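Each remark here refers to the structure printed beneath this line.
Keep in mind that this is a model prediction, so the values were computed, not measured.
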Amino acid sequence: TGCSGCQCEILNCEEALQKLLEKVEIVYFPLAQDENAFSEFDILFVEGSVTSQEDEEKVKEGRERAKLLVAIGSCACYGGVQAQKNDEASLEEMLLAVYGRKELFLKVQKPRAVSEVVKVDYELPGCPVDKRQFVYAVSFLLNGVKPFFPKIPVCHECKLSENECLTLRGIPCQGPVTLAGCGAPCPSAGVGCQGCRGNCDAPNFAEMVEVLQKNGLSKQDAIKFLKVFRGYQSKEITKQVGEMKDEKGT
């Protein structure tokens with residue numbers, strides 16, 4: 001379950017995608033071609049979170065048929081935006097809030113990352129996935145090399161781009177605790193990092209919440225801001241900062 005944005009980003013690879021088609025056969029890509037076969041895969045890329053019984057069955061079948069399975073995008077890697085309330089509300093409460101009823105025409109469940117259902121060999125996070133990293137990862141895999149992307153924070157890429165630190169301007173930004181690899185397009189445009197790529201190595205959320213509070217957010221809103229894209233990774237925020245309390249302190 002997702003928005004297909006990561007698939008669109010892959011299609012935006014253009015020239016690189018044309019070269020890729022000279023080396024591989026794409027057998028299943030409904031967004032890009034009419035004839036598809038869910039058969040055997042050397043590499044299977046999975047977009048979206050596991051949010052329904054159908055999703056779970058499909059990803060398990062894909063895992064059985066694939067030599068390598070790669071989760072692409074933050075929904076597949078962490079559970080995505082739709083998983084941000086998983087630890088705060090029951091499935092019934094979420095269905096009532098969104099749809100006004102508990103029963104839907106399909107069997108739904110709390111959104112989960114693909115790795116919470118099956119074994120994942122590699123992850124390429126982002127909302128959407130960065131097309132350059134997708135091309136690099138495919139190139140590595142086709143040459144029998146394990147993809148490696150350092151888990152440094154977005155702040156590193158801001159320094160390379162000579163960006164002024166947005167937190168010094170009072171703009172809420174998650175760069176210090178978020179995995180780099182996107183090229184820092186949001187801070188470069190004057191918009192604070194939204195944390196869509198998940199955690200960098202050893203994120204200091206307690207300090208990050210303090211910085212966000214100095215930028216004008218309440219502690220509650222700071223925690224909510226950090227949790228938007230992180231899905232199951234939000235457990236690390238709770239571990240460092242504590243349980244989020246509502247306005248009444250309960």
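In this structure, NZ in Lys85 is found 13.0 Å from OG in Ser90, a value given to the nearest 0.5 Å. Here the CD atom belonging to Gln84 is positioned 11.5 Å from the CG atom belonging to Leu226, to the nearest 0.5 angstrom. Here the straight-line distance linking atom OG1 of Thr1 with atom CD of Gln109 works out to 9.0 Å at 0.5 Å rounding.
Taking both residues in full, the closest heavy atoms of Ser188 and Asn163 are given as OG-ND2, 3.0 Å, listed atom of the first, atom of the second, then distance. The two residues Lys110 and Ala89 make their nearest non-hydrogen contact at NZ-O, 2.7 Å. Counting all heavy atoms, side chain and backbone alike, Cys155 lies closest to Pro176 at SG-N, 3.3 Å. Across all non-hydrogen atoms, the minimal contact from Ser52 to Leu106 is CB-CD1, 3.9 Å. In plain terms, the two heavy atoms of Ala83 and Pro111 that are nearest each other are CB-O, 3.9 Å. Closest heavy-atom contact between Glu123 and Val120: CG-CG1, 3.9 Å.
Connection of Ile72 to Leu141 is established within a shared hydrophobic cluster, with ILVMFWY side chains joined at heavy-atom distances below 4.5 Å, either directly or through further cluster members. The same ILVMFWY cluster, assembled from side-chain heavy atoms under 4.5 Å apart, contains both Phe140 and Phe45. There is a path of hydrophobic side-chain contacts, each under 4.5 Å, that joins Leu124 to Val145. Grouping the Ile, Leu, Val, Met, Phe, Trp and Tyr side chains by contacts below 4.5 angstrom, directly or via other members, places Tyr136 with Val24. Residues Val27 and Leu69 share a hydrophobic cluster, clusters being chains of Ile/Leu/Val/Met/Phe/Trp/Tyr side chains in contact below 4.5 Å.
Panel note: side chain Gln82, backbone Cys75; no donor-acceptor pair is recorded below 3.5 Å. A distance-only check finds no donor-acceptor pair linking the side chain of Arg132 to the backbone of Val135 [under 3.5 Å]. With hydrogens and angles disregarded, no donor-acceptor distance shorter than 3.5 Å links the side chain of Glu92 to the backbone of Lys102. At distances below 3.5 Å, at least one donor-acceptor pair connects side-chain atoms of Gln174 with backbone N or O atoms of Gln194. Here the side chain of Glu157 pairs a donor or acceptor atom with the backbone of Gly181 at under 3.5 angstrom. One N or O on the side chain of Ser74 and one on the backbone of Gly126 form a donor-acceptor pair closer than 3.5 Å. For the pair Arg101 (side chain) and Glu103 (backbone), a donor-acceptor distance under 3.5 Å is present.
Around the CZ atom of Phe29, the shell of radius 6.0 Å holds more than 12 heavy atoms that belong to other residues, nucleotides or ligands.
Listed by chain and residue number, Tyr28, Phe41 satisfy the ring-ring contact (aromatic ring centres under 6.0 Å, His included) test with Phe38 (two or more places apart in sequence, or in another chain). Scored by the ring-ring contact (aromatic ring centres under 6.0 Å, His included) test, Phe229 finds no partners at all (sequence neighbours excluded). When the side chain to side chain donor-acceptor pair (under 3.5 Å) test is applied to Thr167, no partner is found at least two apart in sequence or on another chain. Applying the side chain to side chain donor-acceptor pair (under 3.5 Å) test to Ser4 and every residue at least two apart in sequence or in another chain returns nothing.
Under the 4.5 Å side-chain criterion, counting only non-hydrogen atoms from C-beta, Cys200 is not in contact with Thr178. Between Ile152 and Asp201, the closest side-chain pair of non-hydrogen atoms is not below 4.5 Å. Side-chain contact between Gln213 and Ser218 is absent, with no heavy-atom pair separated by less than 4.5 Å. Contact check for Leu166 versus Val191: no side-chain heavy atoms found under the 4.5 Å cut-off. Counting heavy atoms from C-beta outward, Arg230 and Asn199 have side chains that approach closer than 4.5 Å. Asp87 has its side chain out of reach of Lys235: every pair of non-hydrogen atoms, C-beta onward, lies at least 4.5 Å apart. Between Leu44 and Lys67, the closest side-chain pair of non-hydrogen atoms is not below 4.5 Å. At a threshold of 4.5 Å between non-hydrogen side-chain atoms, the residues Val211 and Lys214 do not count as touching.
Salt-bridge annotation for Asp55 and Arg112: absent, with no side-chain N of the basic residue lying under 4.0 Å from a carboxylate O of the acidic one. Ion pairing between a basic and an acidic side chain is recognised when a charged N comes within 4.0 Å of a carboxylate O; Lys58 and Glu54 show no such pairing. Note on Glu61 versus Arg65: salt bridge recorded, some NZ/NE/NH1/NH2 to OD/OE distance being below 4.0 Å. Salt bridge annotation for Glu88-Lys227: present, with a cationic side-chain nitrogen under 4.0 angstrom from a carboxylate oxygen.
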For this session: Could you go through the side chain to side chain contact (heavy atoms under 4.5 Å, CB included) check for Asp130 and Phe134 one step at a time?
Result: CA-CA 6 Å; Asp130 184 82; Phe134 172 77; over 6 Å; no
For this session: Evaluate the criterion side chain to side chain contact (heavy atoms under 4.5 Å, CB included) for residue pair Glu47 and Ile10; output intermediate values, then yes/no.
Result: CA-CA 11 Å; Glu47 179 201 33; Ile10 291 173; over 6 Å; no
For this session: Apply side chain to side chain contact (heavy atoms under 4.5 Å, CB included) to the pair Ile26 and Gln33, showing each step before the final yes or no.
Result: CA-CA 9 Å; Ile26 297 178; Gln33 60 189 28; 4.1 Å; yes
For this session: Show your working on side chain to side chain contact (heavy atoms under 4.5 Å, CB included) between Asp121 and Val70 and close with a plain yes or no.
Result: CA-CA 6 Å; Asp121 297 297; Val70 183; 5.5 Å; no
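Sorted by first then second residue, the salt bridge (charged side-chain N to carboxylate O under 4.0 Å, His left out) pairs that include residues 17-34, not counting sequence neighbours, are Glu15-Lys19. Screening residues 142-166 for ring-ring contact (aromatic ring centres under 6.0 Å, His included), with sequence neighbours left out, gives no hits.
Gln18 and Glu14 are not linked by any side-chain donor-acceptor pair at a separation below 3.5 angstrom, with hydrogens and angles left out of the test. Side chains of Gln133 and Arg197: a donor on one and an acceptor on the other come within 3.5 Å.
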